[in-house]
Amino acid sequence: MVSIAQRLMAAPVFSQVYERAWRPLFTRGFSLGGSGTADYDRALRARLAQPGDRHVLDIACGPGNYSGDASKGLTGDGRYVGVDFSASMLAQAARDNRGSRVTYVRGDAHKLPFPDDSFDTVLCLAALYLIPDPLPVLDEMMRVCAPGGEVIVFTSVEASIAALPGARQVAGLSGLRIFGRDELLMRFSRLGAVHLEQTITGVGQYIHAHKASEPPHA
Ligand SMILES: C[S@@+](CC[C@H](N)C(=O)[O-])C[C@H]1O[C@@H](n2cnc3c(N)ncnc32)[C@H](O)[C@@H]1O
């Protein structure tokens, strides 16, 4: 069944208001009205903008609202690729967030159309909680990440408010999933991720991990 949230993402009018109106509001909601998510997000954008010859993959990129920052510092052969399965989000991205090093590709996060080990930075921001079968997306993130590369996720997390009776059901009805505190960390660690860091901002969490430079011993 297609959830309310999934229908919203596919609606052309939603992609038009997403970047400037919806995303900032939603970011604030994740901090429970505080500024934790916005502060982390600002630091993340500054990090992504640092100079480097990197290949960056933004999974479920929406209207490309990170492409400006993530492609700003790219040097040499550096590329930013945004992938999303919504045609209207990608059309918006192509209108608002173009760049000479930026490419948008239509695809499903569960089956990324890229070879193993092909990106230095792999992002999945504000999307995992919308995806009905989200954990295999982490497998794909790690698969396409190059050894020594980094993966960064921003999504929901169970906090005291989200643990209130009924909160999971309300989230479930809208199609938003709330992850347990260790759920994603455990999956990443099983996938051999190293230097795992989790930062919780209200009902949001950022996970930053690396793919080991050497494959783990069998
Ligand atoms: C809320 S937007 C996030 C946009 C952007 N990453 C951000 O941080 O604001 C979620 C995006 O996930 C995309 N999406 C949902 N499921 C997907 C899937 N299975 N494969 C690719 N994209 C997907 C939607 O089309 C939508 O553009």
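Counting starts at 1 for both ligands and their atoms, following the listed order. Every value quoted in this text rests on a predicted model; they were computed, and no experiment measured them.
With respect to the salt-bridge test (charged N to carboxylate O, under 4.0 angstrom), the residues Lys111 and Asp108 do not qualify. A salt bridge links Asp117 with Lys211: at least one charged nitrogen is closer than 4.0 Å to a carboxylate oxygen. Using a 4.0 Å cut-off between a side-chain N of Lys or Arg and a carboxylate O of Asp or Glu, Arg177 and Glu183 qualify as a salt bridge. Taking the charged nitrogens against the carboxylate oxygens, Arg187 and Asp139 do have a contact shorter than 4.0 Å, which makes a salt bridge.
Near Gly62, the atoms of ligand 1 lying under 4.0 angstrom from a non-hydrogen atom of the residue are 4 (C), 27 (O). Close approach of ligand 1 to Leu130 is summarised as follows: ligand atoms under 4.0 Å from at least one heavy atom of the residue are 1 (C), 10 (C). Interface atoms of ligand 1 facing Ser86, defined by a heavy-atom separation under 4.0 Å, are 25 (O). The contact set between ligand 1 and Gly107, taken as ligand atoms under 4.0 Å from a residue heavy atom, comprises 20 (N), 21 (C). Against a heavy-atom cut-off of under 4.0 Å, Ala127 is close to the following atoms of ligand 1: 10 (C), 12 (O). The contact set between ligand 1 and Ile131, taken as ligand atoms under 4.0 Å from a residue heavy atom, comprises 16 (N), 17 (C). Within ligand 1, counting atoms from 1 as listed, the ones closer than 4.0 Å to a heavy atom of Leu125 are 3 (C), 5 (C), 6 (N), 7 (C), 8 (O).
The residue from Cys61, Gly82, Ala126 that puts a heavy atom closest to atom 1 (C) of ligand 1 is Ala126.
Residue Cys124 places no heavy atom under 4.0 Å from ligand 1.
Proximity of Leu123 to ligand 1, defined as any heavy-atom pair under 4.0 Å, is not found for any part of the residue. Counting heavy atoms closer than 4.0 Å to ligand 1, residue Tyr66 contributes side-chain atoms (C-beta onward) but none from N, CA, C or O.
At least one N or O atom of Ala60 sits closer than 3.5 Å to an N or O atom of ligand 1. Of the polar atoms of Asp108, at least one N or O is found under 3.5 Å from an N or O of ligand 1, judged by distance alone. Inclusion of Asp58 in the set of residues having an N or O under 3.5 Å from an N or O of ligand 1 is not warranted.
Geometrically, Arg45 engages Tyr66 in a cation-pi contact, judged by NZ or CZ lying under 6.0 Å from the ring centre and within 45° of the ring axis.
Checked against the 6.0 Å centroid threshold, Phe179 and Tyr129 do not count as a close aromatic pair.
Taking 4.5 Å as the limit, every side-chain heavy atom of Ile152 sits out of range of all side-chain heavy atoms of Val122.
For the residue pair His208/Glu150, the side-chain donor-acceptor check at 3.5 Å is satisfied.
Between the side chain of Asp96 and the backbone N or O of Pro63, no donor-acceptor pair lies under 3.5 Å.
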